[in-house]
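This report refers to the structure that appears directly beneath it.
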Amino acid sequence: MSTLKEFNFKNKRALIRVDFNVPLNTEFMVTDSTRIHAAKSTIQTVLNDGGSAVLMSHLGRPKGKEDQFSLRHIVKKVSEVLGVKVNFVDDCIGEKVEKAVSELKAGEVLLLENLRFYEEEKSGDQNFAAQLSKLGDIYVNDAFGTAHRAHASTAIIAEFFPEKKCFGNLLAREIESINKVLNDSQKPVTAILGGAKVSSKIGVIENILDKVDHIIIGGGMTFTFVKALGGKIGSSLVEDDKQELALVILEQAKAKNVQIHLPVDAIIADSFSNDANTKEVDTNQIPDGWMGLDSGPKTADKFAEVIAKSKTILWNGPLGVFEMENFSKGTIELGNAISKATKNGAFSLVGGGDSVAAVKQFGFAEKVSYVSTGGGAMLEMLEGKTLPGIEAILK
Ligand code: AMP
């Protein structure tokens, strides 16, 4: 794998694609700087070598040049996190930018304006990528969150650096972590797939069936399986057109000797609200007018047992509607079980959309081995796809 270690950045300009797509409040202050912290190690490596760093990123979904999406809003925060002065140029290609880059000295950092102010970024325009490529000697991709997109700055640009391109530390660690689960794992391997729908996780389930020993299914997905098996699910979330598929998955798992664990009890509610009346019932005995919004205590014990004996754990998706306090317990208990197994030596990877939010909200981020920074990108890797941003470096 091509990493920063292959290069000496002394007197070199590193053109680094970072993911600074951070949330801003109405005063344009950064409300969560996780992604900036995540890029720090790569930028510091370059600066410590005696190089300079040109940072490029997108922010939000602007339609043309919209000031609310300007990266100038985050300059102060980036500078604070990195502990160095950060210069800013209000464009990302062209003469003005090239001049700012040429004036950059060793140890200095320059942040470019939002790449998505040009539609050529998302369309993967060759000429736009060529213009960007003039801004550095070595191209470093450290943006896992956009690695599944074939955009100009994430993939196309790499062609202009045939020998001088590599992964940043963050992206390298993301790839390593997923490898540790999918290709280089210690057995038994357990994947926990929760969240809302079977349809959004089916690609992952199909790909990991050959790689894991246990699959724990939870969240809204549960009820498509339970209904397909003949259970009563009341008005729980269900994808009727995926019932057949659920049965096929169960069959395939059996044939491959993979144990599938479904929740045995549920916390049900008479409306989709934190204030709803609730009851605890078996997952396949949900009365009409009630819906399953969390898994119950028997499920928590059953899942904890599987997790305790696992050496490798992948967690994607909450076990209930964790955003509502009354339906967050199943997810919290699961997080506790994974934290405990990690403490006892298991490798645990959490990633893909909402599970990261849950892990942070409930304080598990420090207790698992690795929390991925990419939602969609992580899911696509778990589906076995080669991401354009990764392929472009490996080519
Ligand atoms: P995903 O993005 O697919 O990981 O789905 C995460 C979402 O699934 C969260 O917003 C949860 O509130 C939701 N979810 C989890 N369990 C259930 C459930 N039993 N019924 C409805 N939504 C659920």
Side-chain angles (χ1 to χ4, degrees), residues 145 148 191-208 215-228 231-240 242 245-246 249 261-287 289-300 303 314-335 338 349-362 364 368 371-383:
H148 57 317
I192 303 131
L193 298 171
K197 294 181 171 177
V198 182
S199 49
S200 62
K201 304 284 159 83
I202 182 65
V204 177
I205 300 179
E206 283 174 342
N207 185 48
I208 61 174
I215 297 181
I216 288 178
I217 291 193
M221 253 200 292
T222 307
F223 305 103
T224 300
F225 282 88
V226 173
K227 189 172 179 188
K232 283 176 61 189
I233 61 160
S235 44
S236 304
L237 191 68
V238 67
E239 288 168 283
D240 279 325
K242 294 290 176 296
L245 183 65
I249 291 170
H261 308 269
L262 285 161
V264 287
D265 57 349
I267 307 298
I268 58 170
D270 58 0
S271 70
F272 191 79
S273 151
N274 195 44
D275 306 321
N277 295 307
T278 59
K279 282 194 226 178
E280 225 176 86
V281 298
D282 287 350
T283 320
N284 57 5
Q285 297 296 333
I286 302 178
W290 294 74
M291 61 188 90
L293 295 185
D294 197 7
S295 48
K298 285 187 219 144
T299 302
F303 288 179
L314 166 72
W315 180 15
N316 174 283
L319 291 194
V321 184
F322 73 98
E323 298 92 335
M324 298 183 201
E325 198 190 344
N326 289 338
F327 308 108
S328 61
K329 206 154 177 245
T331 301
I332 295 176
E333 295 278 337
L334 177 76
I338 297 174
L349 167 63
V350 184
D354 273 329
S355 25
V356 174
V359 156
K360 282 190 186 165
Q361 185 178 330
F362 302 126
F364 296 121
V368 296
V371 181
S372 173
T373 57
M378 161 97 169
L379 278 184
E380 289 198 17
M381 276 193 94
L382 294 176
E383 285 169 4

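Heavy-atom basis, side chains included; hydrogens, waters and symmetry copies ignored. Just so we're clear, the structure is a prediction, and the values are computed from it rather than from any experiment. Remember, it's 1-based here, ligands and their atoms both numbered in the order they're listed.
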Test your reading of the structure: does [X] have an N or O sitting under 3.5 Å from an N or O of ligand 1?
{"X": "Phe272", "answer": "no"}
{"X": "Glu323", "answer": "yes"}
{"X": "Gly220", "answer": "yes"}

Under 3.5 Å donor-acceptor, Lys227 side chain and Val238 backbone: no

Donor-acceptor under 3.5 Å (Ser372 side chain, Val350 main chain): no

Lys232 and Asn284 side chains, donor-acceptor separation under 3.5 Å: no

Thr331 versus Pro318, closest heavy-atom pair with distance: OG1-CB, 3.7 Å

For Phe223, atoms of ligand 1 separated by under 4.0 Å from a heavy atom: 19 (N)

Chi angles and distances behind the side chain to side chain contact (heavy atoms under 4.5 Å, CB included) call for Leu293, Ile267: CA-CA 6 Å; Leu293 295 185; Ile267 307 298; over 6 Å; no

Contact with ligand 1 for Phe327, non-hydrogen, under 4.0 angstrom: no

Test item, Lys201 contacting ligand 1 (heavy atom, 4.0 angstrom): yes

Proximal candidate to atom 23 (C) of ligand 1 [heavy atom criterion; set Val238, Val321, Leu379, Asn316]: Val321

Of the listed options Gly219, Ser236, Gly292, closest to atom 20 (N) of ligand 1 (non-hydrogen atoms): Gly292

Note: Lys279-Asp270 ion pair, threshold 4.0 Å (strictly below): no

